[in-house]
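So that the names make sense, note that chain A is the first sequence line, chain B the second, and so on, each numbered from 1.
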2 protein chains.
Amino acid sequence: MNSLPQNTLSEKFRRLEAGCRASGLSLTHQRRTLLRCLVRRSDHPTADQLYEELQNDVGGLSRTTVYRILETFVRAGLVTKISSPQAKARFDANTGKHHHLVCEQCGRVADLFDSGLNLRGLPEENSSGFIIYDYEITFNGLCPHCQSIGEEHKS
Amino acid sequence: MNSLPQNTLSEKFRRLEAGCRASGLSLTHQRRTLLRCLVRRSDHPTADQLYEELQNDVGGLSRTTVYRILETFVRAGLVTKISSPQAKARFDANTGKHHHLVCEQCGRVADLFDSGLNLRGLPEENSSGFIIYDYEITFNGLCPHCQSIGEEHKS
DNA sequence: ATTCCACATGGTACTTTATGTCAACTAGTT
DNA sequence: AACTAGTTGACATAAAGTACCATGTGGAAT
């Protein structure tokens with residue numbers, strides 16, 4: 001019954017471990033810890049949120065290490081770095097094609113899987129001379145939590 | 001001949017001034033200075049870049065003021081705040097519908113006007129319960145400058 | 001299993017980016 | 001010209017991220 005989500009999570013974890021090996025990254029305790037955390041969370045945590053959660057674990061991580069590992073993962077293509085209007089980098093272990101909903105009020109980020117939104121192709125030519133590799137659609141709005149706050153005392 | 005771009009710039013400026021008045025914002029010297037600068041620049045400057053440029057003007061702006069005025073303009077809808085993967089907030093006085101090219105290397109931002117890319121409509125329903133107001137497509141790639149650097153010494 | 005070393009980590013210091021506070025100033029109204 | 005709400009500047013502080021380097025460790029070689 002609920003064995004399926006467990007399986008997909010540990011599958012994701014194993015795939016990311018394999019990705020580390022493929023990139024020549026040694027699988028340290030700290031990297032595994034971060035990977036496990038990233039796989040479990042779907043709320044696009046910031047580096048500091050991850051640090052908060054992990055620092056008190058058995059053999060916790062240092063803040064520097066969290067930042068450094070995240071950058072390493074991004075460079076290896078294992079994790080995506082997304083930027084919210086709140087100007088804090090957020091991280092996402094789901095590298096499949098999807099888009100993001102960002103709350104204008106609190107910065108919360110949620111996923112939006114809607115293949116109907118995917119562009120047919122990338123714009124080939126553009127006057128600015130950029131080479132385009134990828135794109136992402138960011139939807140701005142209000143999360144359920146901030147909607148209810150707005151109703152109570154409209155600031 | 002070249003009177004047209006001049007006109008459109010000062011037109012934009014006057015439209016933004018009108019926007020200030022409409023929002024009840026008094027038109028201080030500092031706000032006008034910032035507006036002029038934002039209208040003139042199309043490179044999506046960061047708050048500090050604007051401060052750098054303006055601090056030595058006659059009656060220059062303080063850093064605090066630059067940040068504060070920009071936030072004010074964003075809240076009034078006169079200026080858009082965009083967030084790049086470099087996690088520095090950038091500002092854009094062009095509030096018309098368009099999208100952005102972001103350089104993965106240096107964070108440079110260029111505009112992409114391509115109405116063919118605009119979505120037919122916003123996704124009505126989404127499982128996360130967000131109210132969606134708007135969207136923006138961000139294209140990731142390499143700017144011309146970083147392309148040439150990459151060719152010289154492939155890091 | 002033990003040795004070894006390139007790679008990784010922890011801790012501190014530091015930089016950059018952004019916000020809070022409050023006295024002094026000014027735009028725009030009266 | 002005077003008044004006042006709104007705005008600014010300077011400083012202090014917070015938050016986010018990076019640099020440095022001595023110490024520690026994963027995993028290949030023996």
Side-chain angles (χ1 to χ4, degrees), chain A residues 17-35 37 44-76 78-79 81-91 105-107 109, chain B residues 17-35 37 44-76 78-79 81-91 105-107 109:
Chain A
E17 273 194 323
C20 276
R21 272 187 283 265
S23 303
L25 302 174
S26 47
L27 282 163
T28 62
H29 170 65
Q30 290 87 339
R31 288 195 179 137
R32 280 187 219 266
T33 305
L34 242 182
L35 280 185
C37 196
H44 311 80
T46 64
D48 269 320
Q49 284 171 342
L50 290 164
Y51 171 59
E52 285 294 319
E53 176 170 346
L54 296 175
Q55 62 176 322
N56 297 321
D57 271 28
V58 263
L61 313 200
S62 79
R63 224 172 71 93
T64 309
T65 300
V66 171
Y67 275 88
R68 188 167 31 205
I69 292 183
L70 286 171
E71 278 313 314
T72 306
F73 284 169
V74 169
R75 269 201 303 276
L78 301 171
V79 159
K81 185 176 184 175
I82 63 179
S83 44
S84 69
Q86 254 74 9
K88 299 179 205 174
R90 290 170 175 274
F91 297 88
Q105 206 71 53
C106 68
V109 176
Chain B
E17 273 193 324
C20 275
R21 272 187 283 266
S23 302
L25 302 174
S26 45
L27 281 165
T28 62
H29 170 65
Q30 290 88 340
R31 290 199 178 133
R32 279 187 221 267
T33 305
L34 242 182
L35 279 185
C37 196
H44 311 81
T46 64
D48 267 322
Q49 285 171 342
L50 290 164
Y51 171 59
E52 285 295 318
E53 178 171 345
L54 296 176
Q55 62 177 324
N56 297 322
D57 272 26
V58 264
L61 313 200
S62 78
R63 229 170 70 91
T64 309
T65 300
V66 171
Y67 276 87
R68 188 169 30 205
I69 292 184
L70 286 171
E71 278 312 314
T72 305
F73 285 171
V74 169
R75 269 202 303 275
L78 302 171
V79 159
K81 185 177 185 176
I82 62 180
S83 45
S84 69
Q86 254 74 8
K88 298 178 203 173
R90 289 169 177 275
F91 297 87
Q105 206 70 54
C106 68
V109 175

Taking distance alone, no hydrogens or angles, what donor-acceptor pairs closer than 3.5 Å link side-chain atoms of residues 65-73 of chain A to residues at least two apart or in another chain?
{"residue": "A/Thr65", "atom": "OG1", "partner": "A/Ser62", "partner atom": "OG", "Å": "2.8"}
{"residue": "A/Tyr67", "atom": "OH", "partner": "A/Asp48", "partner atom": "OD2", "Å": "3.1"}
{"residue": "A/Glu71", "atom": "OE2", "partner": "A/Lys81", "partner atom": "NZ", "Å": "2.9"}
{"residue": "A/Thr72", "atom": "OG1", "partner": "A/Arg68", "partner atom": "O", "Å": "2.8"}

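Going from atom OG1 of B/Thr46 over to atom CD of B/Glu52 covers 8.5 Å, rounded to the nearest 0.5 Å.
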Steps toward side chain to side chain contact (heavy atoms under 4.5 Å, CB included) verdict (A/Gln55, A/Leu61): CA-CA 5 Å; A/Gln55 62 176 322; A/Leu61 313 200; over 6 Å; no
Residue pair B/Gln49, B/Arg90: steps toward the side chain to side chain contact (heavy atoms under 4.5 Å, CB included) verdict: CA-CA 9 Å; B/Gln49 285 171 342; B/Arg90 289 169 177 275; 4.1 Å; yes
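Spacing between atom CZ of A/Phe73 and atom C1' of C/dA8 amounts to 12 Å, rounded to whole angstrom units. Look at CG on B/Leu27: it is 15 Å from C1' on C/dT29, rounded to the nearest Å. Taking atom CD1 of A/Ile82 as the reference point, atom P of D/dA16 lies 15 Å away to the nearest angstrom. Rounded to an integer number of Å, the gap from CD of A/Glu71 to P of D/dA16 is 16 Å. Atom CG of B/Leu50 is separated from atom C1' of C/dA18 by 15 Å (rounded to the nearest Å).
Under the rule for a side-chain contact (heavy atoms from CB on, under 4.5 Å), the partners of A/Ala76 that lie at least two apart in sequence or sit in another chain are A/Ser23, A/Leu25, A/Leu78. Contacts of A/Arg75 classified as side-chain hydrogen bond (donor to acceptor under 3.5 Å, both in side chains), with partners at least two apart in sequence or in another chain: none. Under the rule for a side-chain contact (heavy atoms from CB on, under 4.5 Å), the partners of B/Glu53 that lie at least two apart in sequence or sit in another chain are B/Cys37, B/Arg40, B/Arg41.
Overall bending of the helix from C/dA1-D/dT30 to C/dT30-D/dA1, expressed as the angle between end axes built from five pairs apiece, is 30° (10° steps).
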Nucleotide-resolved protein contact map, nucleotides 4-14 of chain D, B/S/- at heavy-atom distance under 4.0 Å: ---SBBBB---
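When side chains are defined from C-beta on, B/Phe91 counts as touching B/Val74, because their heavy atoms get closer than 4.5 Å. Counting only heavy atoms from C-beta outward, the side chains of B/Pro85 and A/Ser83 approach each other to under 4.5 Å.
Residue B/Tyr67 places no side-chain N or O under 4.0 Å from the OP1 or OP2 atom of C/dT19.
For the contact set between residues 83-90 of chain A and DNA chain C, defined by any heavy atom under 4.0 Å, there are no members.
For residues 44-64 of chain A, the set of pairs meeting the ring-ring contact (aromatic ring centres under 6.0 Å, His included) definition, not counting sequence neighbours, comprises A/His44-A/His100. Among residue pairs with one or both ends in residues 18-28 of chain A, none qualify as salt bridge (charged side-chain N to carboxylate O under 4.0 Å, His left out); sequence neighbours excluded.
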